[in-house]
Student: 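After the structure tokens below, expect a handful of questions from me.
Protein chains get the first letters and strands the later ones, always in sequence-line order, with residue 1 at the start of each.
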There are 2 protein chains.
Amino acid sequence: MRNRTAIAPRRAAASPKRRAAEMLAAAAKVFARRGYHGASTQDIADVLGIRQASLYYYFESKEAALEAVCSDGVEDYAVRALAVLRGPGTASDKVAKLVFHHLSPVVERQDYTVVFHRERRYLPKPARERIRTLERRYERIIQKVIEQGVASGEFRADLDPRMATLALLGLGNSATAWYGREPGATFERITSNYIDLLVRAFRKDDAPPLRVTH
Amino acid sequence: MRNRTAIAPRRAAASPKRRAAEMLAAAAKVFARRGYHGASTQDIADVLGIRQASLYYYFESKEAALEAVCSDGVEDYAVRALAVLRGPGTASDKVAKLVFHHLSPVVERQDYTVVFHRERRYLPKPARERIRTLERRYERIIQKVIEQGVASGEFRADLDPRMATLALLGLGNSATAWYGREPGATFERITSNYIDLLVRAFRKDDAPPLRVTH
DNA sequence: TTCCAATTCTATTATGCTATAGAATCGGAT
DNA sequence: ATCCGATTCTATAGCATAATAGAATTGGAA
């Protein structure tokens, strides 16, 4: 087909993707700071140093940009959680890993995760449901880890797996909210404390002393 | 002062306050559903069945309405927490009471608490700081309960009081977010599970079995 | 150089929103 | 019956915003 002129004569073939990612990062940043409705497309353009209308070359609409940011904010979670579920280790180890992987993105990808948490609800139904599907998958994997811990006798028999899942997520998400604002709250301190807290709460009363690797 | 004509010749002297409360409730409802920036004053007026401009008889601005809702959303927390701190009971009992009182408002006053949590950050600095003061007071009381538990030997000596406080708040706030959306999550189930979880995580390893009154 | 597609720009439309000004209404007290 | 203050209304100013149309520009390939 005559060279590849019709296929990809674009820029350096890497630039376009990087540029699109910059757009997304700018949108994430602005949405995180001002909220979806409080953010104007002008604000996003300002971050990039381009004109407001130029954004529409990359996004069909402001709403589409929000969905893109939110998708980026969740998509990797389920993948990594699944690796933990299927990987080696005790249930406590797995909980530790889950917490670690839940909090990790907060450091470099705070904008995306914050936007996902706070703003996804403003998406129109179809988009919201697409996001919700990814979310549910993630939750189910976490719950399975906990259920396995209960089944194996490592966790208390009376532990409510659904509540435990929500607790794990809730703790993680609250950390997302104040990470960077709470002085002295380093990633390590938060992570180790939350792991410790959850594992203590989940394990049997007569379990041997804690020794969780992470 | 001639009777009290100049002081309060208003309606039935109870109606005006009730009406103002209705305004606030309407604002809270709309802000909770659509977010501060996503909500229009028209939306609020629609809930009340009045004209958009009529709202300005009660609020100086949309922003003032937000501050009023947020204040209403926090103000009682510190008061009740202080009563718990000063009241009787073990540290575990007090944690249980704190969780209970933190979650209680979610049932009837969900709109206010949700708005407080999600939208307070859009307040202008002075107002945000007014709210933040109430908030800090509340946090400090909780932390004090935990510190007393550690000091008395009831809680682990290596429990990080600040992290424990944030965990308690984080758990509570996450419940706020999904209460009403998570099927089967009744107030009782959430409360008892969270209390159980936190107390297990806080207590000494060799402590006697749980028996928390609430 | 010339061309072409990718990218950004200018200009504009149409809409929605907060807030103000001042008129109308309502019900209780005189 | 009249008055008065509290409440709600009509009308509108003034601004910000999302999105579209089409022109200009850019840099690499032919």
Student: When you measure from the side-chain N and O atoms of A:Arg19 to the phosphate of C:dT8, is any distance below 4.0 Å, counting only OP1 and OP2?
Tutor: yes
Student: Can a side-chain donor-acceptor contact be found between B:Asp76 and B:His101 if the only test is distance below 3.5 angstrom?
Tutor: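 Short answer, no.
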Student: Taking the six-membered ring for Trp, are the ring centroids of A:His37 and A:Tyr122 within less than 6.0 Å of each other?
Tutor: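 They qualify: ring centres under 6.0 Å apart.
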Student: Taking the side chain of B:Thr41 as its heavy atoms from C-beta onward, which of C:dC9, C:dT18, D:dA19 lies nearest to it?
Tutor: C:dT18
Student: Under 4.0 Å from OP1 or OP2 of D:dA19: is there any side-chain N or O of A:Tyr56 that close?
Tutor: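 So the side chain of A:Tyr56 is within the cut-off, an N or O lying under 4.0 Å from OP1 or OP2 of D:dA19.
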Student: To the nearest angstrom, how far is B:Tyr36 atom OH from C:dC17 atom C1'?
Tutor: 12 Å
Student: When the nearest nucleotide of DNA chain C is assigned to A:Ile50 and to B:His37 on a heavy-atom basis, which residue is associated with the more 5' position?
Tutor: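 Going by which nucleotide is closer to the 5' end, it is A:Ile50.
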Student: Does a side-chain N or O from B:Ser54 land closer than 4.0 Å to OP1 or OP2 of D:dC9, or not?
Tutor: yes
Student: D:dA19 C1' sits how many Å from A:Leu55 CG, rounded?
Tutor: 11 Å
Student: Between atom CZ in A:Phe59 and atom P in C:dT7, what is the gap in whole Å?
Tutor: 13 Å
Student: Take the protein atom CG of B:Asp46 and the nucleotide atom C1' of C:dC17, then report the distance between them rounded to whole Å.
Tutor: 13 Å
Student: May I ask you to say what A:Ala39 touches in the nucleic acid, namely base, sugar-phosphate or nothing, with a heavy-atom cut-off under 4.0 Å?
Tutor: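 Result for A:Ala39 = sugar-phosphate.
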Student: Rounded off to whole Å, could you give me the CD-to-C1' distance for the A:Gln52 and D:dA21 pair?
Tutor: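 From A:Gln52 CD to D:dA21 C1': 14 Å.
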Student: Rounded to whole angstrom units, what separation is found between the CZ atom of A:Arg51 and the C1' atom of D:dA18?
Tutor: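 Taking CZ of A:Arg51 and C1' of D:dA18, I get 17 Å after rounding.
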Student: Looking at B:Tyr57, I'd like to know whether one of its side-chain N or O atoms comes within less than 4.0 Å of OP1 or OP2 on D:dT8.
Tutor: no
Student: Between C:dT10, D:dT10, D:dT17, which nucleotide has the shortest distance from any of its atoms to the side chain of A:Ser40?
Tutor: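 The nucleotide sitting nearest to the side chain is D:dT17.
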Student: Would you mind reporting whether B:Phe202 and B:Val95 have side-chain heavy atoms less than 4.5 Å apart?
Tutor: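 The answer is yes, as the side chains (C-beta and beyond) meet within the 4.5 Å cut-off.
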Student: Aromatic ring centroids of A:Tyr112 and A:His117 under 6.0 Å?
Tutor: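 When the ring centroids of A:Tyr112 and A:His117 are compared, they turn out to be at least 6.0 Å apart.
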Student: Rounded to whole angstrom units, what separation is found between the CG atom of B:Asp43 and the P atom of C:dC17?
Tutor: 7 Å
Student: What is the distance, rounded to the nearest whole Å, between atom NZ of B:Lys62 and atom P of D:dA16?
Tutor: 15 Å
Student: Give the nucleotide from the list D:dA21, D:dT7, D:dC9 with an atom nearest to the side chain of B:Tyr58.
Tutor: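 Of D:dA21, D:dT7, D:dC9, D:dT7 is nearest to the side chain of B:Tyr58.
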Student: Quick one: the side chain of A:Gln42 and the base of D:dA18, do they pair up donor-acceptor inside 3.5 Å?
Tutor: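 There is none.
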Student: Could you report the tightest heavy-atom contact between A:Gly73 and A:Phe116, atom names first, then the distance?
Tutor: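 Answer, listing the atom of A:Gly73 first, then A:Phe116: CA-CB, 4.3 Å.
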